[in-house]
J.: 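Mind looking over this structure? Questions follow.
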Amino acid sequence: MSDLVDVSLIVNGSEVSHRVPARTTLADFLRQTLELTGTHTGCEMGVCGACLVVLDGQVVHACLSFAVQASGSAVETVEGLTERAVIADLQEAFHQRNALQCGFCTPGMLMTAYSLLSQPGVPSREDIRDALSGNYCRCTGYEAIVDAIETTARNRAAGGDAAAREEIDA
Amino acid sequence: MTAITALDRPNSYIGRSVPRPNAKRLLAGRGRYVTDIVLPRMLHGAYVRSPYAHARIVAINADEARAAPGVRLVAIGEDLAKLCTPWVGTMDHFKGMKSPPQLPLPIDKVVWAGQAVVAVVADTRALAEDAAELVAIEFDELPAVVDIDAARGPDAPVISPELGSNLCFHGKIDTGGVEDVFAGAAHVVEEEFLFGRHTAVTMEPRAIIADYDASEPKLTVHHATQTPYQFQDIYARHYGIPEACVRVIAPDIGGSFGMKLHMYHEDMAVVGLSIMLERPVKYVADRMESFVSDIHARDHRVRARMAADADGNILAMDVEDVTGIGAFSAYPRTSVVEGNQVYRLMGAPYTFKNYRADLQVVFQNKVQMSQYRAVGHPVACTVTERLVDMIAAKTSRDVFDIRSGNLIPDDAYPCASPTGYKFESLSHHACLAKIRALMDYDGLRAEQAALRKQGIHRGIGIASFVEITNPSPAFYGVGGVRISSQDGAIIKITPSGDVRCLISITELGQGTETIVGQIVAEHLGVDRERIKVITGDTETTPHGGATYACRGAGIGGETALQAAKKLKANVLAVAAAILQDEPDRLDMEAGWIVDAASRQQRIELAEIARIAYFRSDTLPPGTQSQLSVAHHYAPEGYPFAFTNGVQACHLELDVETGFVKLLKMWVVEDCGRVINPLLVDEQIRGGVVQGLGAAFFEECTYGDSGQLTNGSLAD
């Protein structure tokens, strides 16, 4: 049960290597071994979405993969996205709209939103709700979360359009 | 948006939708929940649980587990009973109420499926769980008491034979005259209502780390709870540790909704395990454990009748409520409070005077039941409003019309309900009028009629309610339960002129720290950014009730307000001495001492603080600056601050499939002076959606043998 395995991967842009029990989940590896506690475990069975992380560009449940399965991959957590400032506008929209209460589900929500907003086009509220169907929130009733993501999507689209216009003007 | 409003004064924060300063940390993934915390030399606990709802413990063999890798301790009921005194979840003013004594782990029998029996402590949680699988417990299964009727039958096995029956509490309310009113009433409606078990499902499960240091002695508990002071008291008394040596810290909490108010056996055991090992021990319930060990709520069967005259004026209600609470009453808040609130809130918005009710609170072999969000309100409201709608149907009156004819008039206060609740001031009619306009009721009815002709079935429902908030000492205190109804705050000016407010109400994400900051900033005359609010640590904050029953703003907010005024008077006294002026001719604004009349800046607060802390020699002789204040506030007079409101729902029913599509919800709630509209709106929205979950989707279901049949997030 406690056979140790070597795990090497890139987490938030840095190479990490550790020898951990083979059964260590990616969520526990991030939270306990690397002390990246922004990734949360709410159900440990891939339902609640609190543990979502970006694995090689895909949003996955960190509680459903073993750390060793992520060996050789690149993982990004809420800490990494925050440091890179790629979700700063999303975080600001969540803050202004009070789209979180206890905050436990929030890193997972941000992961889903980050992934959704990385797709081309501006998602509709229905698209946003559909994307959030795997993220449980018990505090907010979701409306403010949908609002914050919608606001960010529109602002990005408007900002993108403005940048495009400036290019044309130049 | 250019008009100057009352909110445009400096430091005018009350009534403003300002975001929560502490939310940024959570958004950056820098929350610090108990589940995140690691202490030096910390060990991890896991529990072996009962597979049976009711069984005698014949033998426990833990030899193999004790020898397993990484195992530091295996403890059973007797081990913890040597350290921890038993607890009984009763309250004095529930006359005749009874409940058996409880221990962290059972000694001779288990009383629900999922009850923790043996604790295993190891170097990691995984190793503890491995070893837990090696514990062999021999059980002698007993007949499970599951059904609330069977539990009360003459031949029912009695779960706690020393109590004589499975009845925890039997309450009656009778104003008299009810039979006569029903006999002579033009209309009588009646129905039976079943309310299933619900549970909170907080996103962060229950989590606790106990750290006992025998050398001082000192017990430090990081506990995901709403009420750290309550647990400081409990741990001190039941483990015989001086209260001053017990520290309970409630850091960021991943949801609570009342569920984290209660004493759980595993949590109490963790304290004992840490005492035995003299090392920190952590326990986090996993999701499956949460379903079988977190409190459940509701589980009521209500049979109710309502009588009305020919015009639909309500004359009386007659109610029988039976509720199943598990095998004992929860500690320390009891499992009778919910039933008590159900049978006292029945009909609360209405004027009728004749009321009779019978409440039976029944033991059964299920997990304990106690307070969860909206304690009793959904049950009382559903029953009352359904019966009101049935009277409306019988008398062909519109649902708004029947309510406006029966709701207590807005000018009738103060008054009392026939169930004994004293209302200071409610506003049912104003709320009813407001929601009618808000939802365009007449338009919706016309649309409903038009769509019905096309085969589209839309429903419109409204429900008026009374809400219990801000309990005074008349509740827990008078009932002999050591739960405070007061709160305390310490506010200090730092040497740089910043402000720290340490307050006993706690933050669960609802915005406690934000509204306290708004209140202190406004009443002290300081920018909000310069105020740091600190909560959730018995070592630093004064003792208080903390957060439950919608009391944070009402009692904690008032505490902060009074403390800020007290501190301001102290600041102005020093300022007056420095400026050679009178304190009442001075005021504070945006971090300055200003002339009260002209608002001209006289001296900066930071300068007052600098002089007071570093150059007191320059002050007039005898001036002793008091730039820290401690202040407590408890509500007086009314036992509760009742509030009220009305909700409306618009939905569409697919008559072929039975699917319901919710189209819109409206809420009008009279919550008094709103400190932060954004936070109030989001709190209500979250509450409504959690309520919709209960109404449409959620129920903890049990099989005949007392097994929870849907105890995971995937069921």
Side-chain angles (χ1 to χ4, degrees), chain A residues 1-2 21 23-25 28 31-32 35-50 63 77-83 87-88 90-111 135-145 147-148, chain B residues 17 19-33 35-38 69-70 124-127 130 200-205 252-257 284 286-288 290 507-511 514 665 676 678-679 681-693 712-714:
Chain A
M1 292 296 280
S2 58
R23 63 180 171 179
T24 305
T25 64
D28 285 347
R31 287 178 50 77
Q32 293 163 15
E35 299 180 351
L36 292 167
T37 53
T39 300
H40 297 150
T41 51
C43 69
E44 296 173 284
M45 60 186 295
V47 177
C48 79
C63 75
T77 68
V78 67
E79 290 93 342
L81 294 181
T82 302
E83 271 173 36
I87 54 169
L90 196 54
Q91 288 164 318
E92 178 61 17
F94 268 63
H95 188 232
Q96 291 299 329
R97 184 61 189 83
N98 201 46
L100 71 160
Q101 288 182 30
C102 82
F104 199 80
C105 72
T106 307
M109 292 286 178
L110 292 170
M111 286 292 156
N135 289 84
Y136 283 23
C137 169
R138 200 62 168 153
C139 299
T140 65
Y142 301 97
E143 186 84 355
I145 296 171
D147 289 347
Chain B
S17 286
R20 293 155 44 210
N22 54 2
K24 284 191 170 178
R25 196 165 44 75
L26 306 178
L27 279 159
R30 298 180 68 98
R32 189 172 158 85
Y33 302 88
T35 39
D36 300 333
I37 293 172
V38 177
T124 69
R125 177 173 156 182
L127 291 173
D130 287 345
V201 195
T202 59
M203 294 312 299
E204 180 192 37
D252 293 325
I253 308 298
S256 186
F257 314 113
V284 178
D286 70 23
R287 186 57 61 190
M288 315 277 263
S290 298
E507 174 72 87
L508 308 165
Q510 78 281 53
T514 307
M665 290 283 304
N676 188 322
L678 174 70
L679 301 188
D681 284 353
E682 290 312 310
Q683 194 61 214
I684 289 175
R685 194 193 308 278
V688 166
V689 172
Q690 206 169 98
L692 291 171
S712 90
L713 278 183

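Chain letters run A, B, ... following the sequence lines, proteins first, then strands; residues in each count from 1.
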J.: Exactly one of Cys137(A), Cys48(A), Cys139(A) should register a side chain to side chain contact (heavy atoms under 4.5 Å, CB included) with Met203(B). Which one does?
T.: Cys48(A)
J.: Tell me, which pairs form a side chain to side chain donor-acceptor pair (under 3.5 Å) where one or both residues lie in residues 96-106 of chain A, sequence neighbours left out?
T.: Glu92(A)-Gln96(A), Arg97(A)-Asp147(A), Arg97(A)-Glu682(B), Asn98(A)-Arg20(B), Gln101(A)-Gln683(B)
J.: If you count every heavy atom of other residues, nucleotides or ligands that lies below 6.0 Å from Met45(A) atom CE, does the total exceed 12?
T.: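 Yes, enclosed.
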J.: Which value, rounded to the nearest 0.5 Å, describes the distance between Asp28(A) atom CG and Arg125(B) atom CZ?
T.: 7.5 Å
J.: Relative to chain B, which of Pro107(A), Gly103(A), Ala88(A) shows the most heavy atom pairs under 4.5 Å?
T.: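 When all of Pro107(A), Gly103(A), Ala88(A) are compared, Gly103(A) has the most.
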J.: Using a cut-off of under 4.5 Å on heavy-atom pairs, state which of Gln510(B), Arg287(B), Arg25(B) scores highest against chain A.
T.: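 Highest number of heavy-atom pairs under 4.5 Å: Arg287(B).
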J.: Could you have a look at Gly46(A), Ala50(A), Cys43(A) and say which one has the most heavy-atom pairs with chain B under 4.5 angstrom?
T.: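 Between Gly46(A), Ala50(A), Cys43(A), the count favours Cys43(A).
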J.: Looking only at heavy atoms, which two atoms of Gly29(B) and Glu79(A) are closest? And how far apart?
T.: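 Nearest heavy atoms, Gly29(B) then Glu79(A): O-OE2, 3.9 Å.
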J.: If you take all heavy atoms of Asp130(B) and Arg23(A), which pair is closest and at what distance?
T.: OD2-NH2, 2.7 Å
J.: With chain A as the partner, which of Val201(B), Val38(B), Asp252(B) has the greatest number of non-hydrogen pairs under 4.5 Å?
T.: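 Looking at each of Val201(B), Val38(B), Asp252(B) in turn, Val201(B) comes out on top.
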J.: For Leu713(B), is it the side chain, the backbone, both, or neither that has a heavy atom closer than 4.5 Å to a heavy atom of chain A?
T.: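 Its backbone and side chain both get close to chain A.
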J.: What closest approach, in Å, do Asp286(B) and Glu44(A) show between heavy atoms, and which atom pair accounts for it?
T.: CB-OE1, 3.7 Å
J.: Quick one: closest heavy-atom pair of Gly254(B) and Cys102(A), and the distance?
T.: C-SG, 3.4 Å
J.: Given heavy-atom pairs under 4.5 angstrom as the criterion, report whether the side chain, backbone, both or neither of His95(A) touches chain B.
T.: both
J.: I need the residue from Thr140(A), Leu81(A), Thr24(A) with the largest number of non-hydrogen atom pairs under 4.5 Å to chain B.
T.: Thr140(A)
J.: Report the C-alpha distance between Arg31(A) and Asp36(B) in whole Å, list the side-chain angles of each, state the deciding distance to 0.1 Å, and finish with yes or no for side chain to side chain contact (heavy atoms under 4.5 Å, CB included).
T.: CA-CA 8 Å; Arg31(A) 287 178 50 77; Asp36(B) 300 333; 2.9 Å; yes
J.: Heavy-atom distances under 4.5 Å only: say whether Thr37(A) touches chain B with side chain, backbone, both or neither.
T.: both
J.: How close do Tyr33(B) and Phe104(A) get, counting heavy atoms only, and between which atoms?
T.: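 Minimum heavy-atom contact is OH-N, 3.3 Å.
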J.: Would you mind checking which part of Leu100(A) comes under 4.5 Å of any heavy atom in chain B, side chain (CB onward), backbone (N, CA, C, O), both or neither?
T.: both
J.: Give the intermediate values and the outcome of side chain to side chain contact (heavy atoms under 4.5 Å, CB included) for residues Glu143(A) and Val688(B).
T.: CA-CA 11 Å; Glu143(A) 186 84 355; Val688(B) 166; over 6 Å; no
J.: Chain A: which of Pro205(B), Ala126(B), Gly255(B) shares the most heavy-atom pairs with it under 4.5 Å?
T.: Ala126(B)
J.: So, using side-chain hydrogen bond (donor to acceptor under 3.5 Å, both in side chains) as the criterion, who are the partners of Thr35(B) when residues are at least two apart?
T.: Glu204(B)
J.: Quick one: closest heavy-atom pair of Gln91(A) and Ala28(B), and the distance?
T.: NE2-CA, 3.8 Å
J.: Which atoms of Thr77(A) come close to chain B, meaning under 4.5 Å heavy atom to heavy atom: side chain ones, backbone ones, both, or neither?
T.: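 Neither part.
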